[in-house]
Amino acid sequence: REAHIAIRLLRPVQPDLITKQVGHLDISLFASRTYADRYGLPRTEKEARRHRAVGLLGITPTAVLTDKLFSADRHVFLSNSLLAVQQTIHAGMGIGPVVNRIGNSDRALVPCLPNARLHKEIWLTAVPEIRENARYRVVFDFLEQQLKPYPPLQNTTPTISNIDGA
């Protein structure tokens with residue numbers, strides 16, 4: 001077993017796990033102010049196809065978000081790390097996904113295409129042994145309390161069509 005407790009952004013499907021939805025987060029597209037000053041920001045999804053994109057590898061909804069909006073030849077950086085993507089956006093290399101709570105609090109970033117947003121549920125997951133193990137339960141309860149400050153935001157319905165996943 002790799003972990004007794006996990007935080008997931010997709011609802012777990014394993015029937016033997018203990019799961020609890022503990023919060024929400026939204027992911028939107030951001031650019032650095034440097035990028036926006038140099039290239040402008042797209043106002044429509046059609047305009048986005050001409051901009052530089054920074055994105056995630058894979059087939060997750062967050063990866064698909066940039067794949068659907070930006071031309072494949074306009075992707076200047078792809079990674080499996082959302083942190084690496086955020087730092088690349090921060091460096092002014094392109095437009096890409098950032099967790100809203102981070103992007104909105106960073107004065108060096110500006111949101112773009114506000115309708116291109118993903119809403120993710122935060123799930124706390126544990127193995128059944130948590131019921132009998134006080135040490136696991138203490139950690140589970142602590143994580144639950146720490147994640148509660150992430151309630152859903154208003155108007156967070158995804159608007160990009162054909163993006164699969166929770």
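Computed from a predicted structure; not experimentally measured.
Taking 4.5 Å as the limit, every side-chain heavy atom of F30 sits out of range of all side-chain heavy atoms of V110. Contact check for H24 versus L9: no side-chain heavy atoms found under the 4.5 Å cut-off. Annotation: side chain of L124 is not in contact with side chain of T19 (no heavy-atom distance under 4.5 Å). In this structure the side chain of V85 reaches within 4.5 angstrom of the side chain of P97, judged on heavy atoms. At least one side-chain heavy atom of L10 sits under 4.5 Å from a side-chain heavy atom of K120. Side-chain contact check for V98 versus I89: some heavy-atom pair is nearer than 4.5 Å. I18 has its side chain out of reach of Y136: every pair of non-hydrogen atoms, C-beta onward, lies at least 4.5 Å apart. A 4.5 Å side-chain heavy-atom check between R137 and D141 finds at least one atom pair inside the cut-off.
The main-chain N or O of L109 is never found under 3.5 Å from a side-chain atom of Y35 such that the two would form a donor-acceptor pair. Between the side chain of S71 and the backbone N or O of R49, at least one donor-acceptor pair lies under 3.5 Å. Between the D26 side chain and the N100 main chain, no donor and acceptor come within less than 3.5 Å of each other.
Here the shortest heavy-atom pairing between E121 and Q21 reads CG-NE2, 3.4 Å. The nearest pair of heavy atoms linking S32 to G92 is OG-CA, 3.2 Å. Considering all non-hydrogen atoms of both residues, T125 and P12 come closest at OG1-CG, 3.1 Å. Smallest separation of non-hydrogen atoms from G58 and A63: O-CB, 3.4 Å.
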Criterion side-chain contact (heavy atoms from CB on, under 4.5 Å) on H75 and D67, from CA distance to verdict = CA-CA 9 Å; H75 280 78; D67 287 346; 3.6 Å; yes

Please walk me through it: do K20 and E144 pass salt bridge (Lys or Arg N to Asp or Glu O under 4.0 Å)?
-> CA-CA 9 Å; K20 186 168 189 176; E144 179 183 357; 2.5 Å; yes

Show the numbers, then the answer: is there a side-chain contact (heavy atoms from CB on, under 4.5 Å) between L17 and R8?
-> CA-CA 12 Å; L17 294 178; R8 296 184 177 177; 4.0 Å; yes

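Put simply, OG1 on T62 and CG on L118 are 5.0 Å apart, with the number rounded to the nearest 0.5 Å. A distance of 14.0 Å separates CD1 of I7 from CH2 of W123, quoted to the nearest 0.5 Å. Taken to the nearest 0.5 Å, the CD atom of E47 stands 11.0 Å off from the CD atom of E45. Here the straight-line distance linking atom CG of L41 with atom CG of L113 works out to 8.0 Å at 0.5 Å rounding. Taking CG of L56 as the reference point, atom CZ of F77 lies at 9.5 Å (rounded to 0.5 Å). Interatomic distance, I95 CD1 to T66 OG1, rounded to the nearest 0.5 Å: 11.0 Å.
Residue pairs meeting the side chain to side chain donor-acceptor pair (under 3.5 Å) criterion with at least one member in residues 81-96, sequence neighbours excluded: H90-D106.
Using a 4.0 Å cut-off between a side-chain N of Lys or Arg and a carboxylate O of Asp or Glu, D37 and R33 do not qualify as a salt bridge.
Under a hydrophobic clustering in which Ile, Leu, Val, Met, Phe, Trp and Tyr are joined whenever their side-chain heavy atoms come within less than 4.5 Å, directly or via other members, L78 and L69 fall into different clusters.
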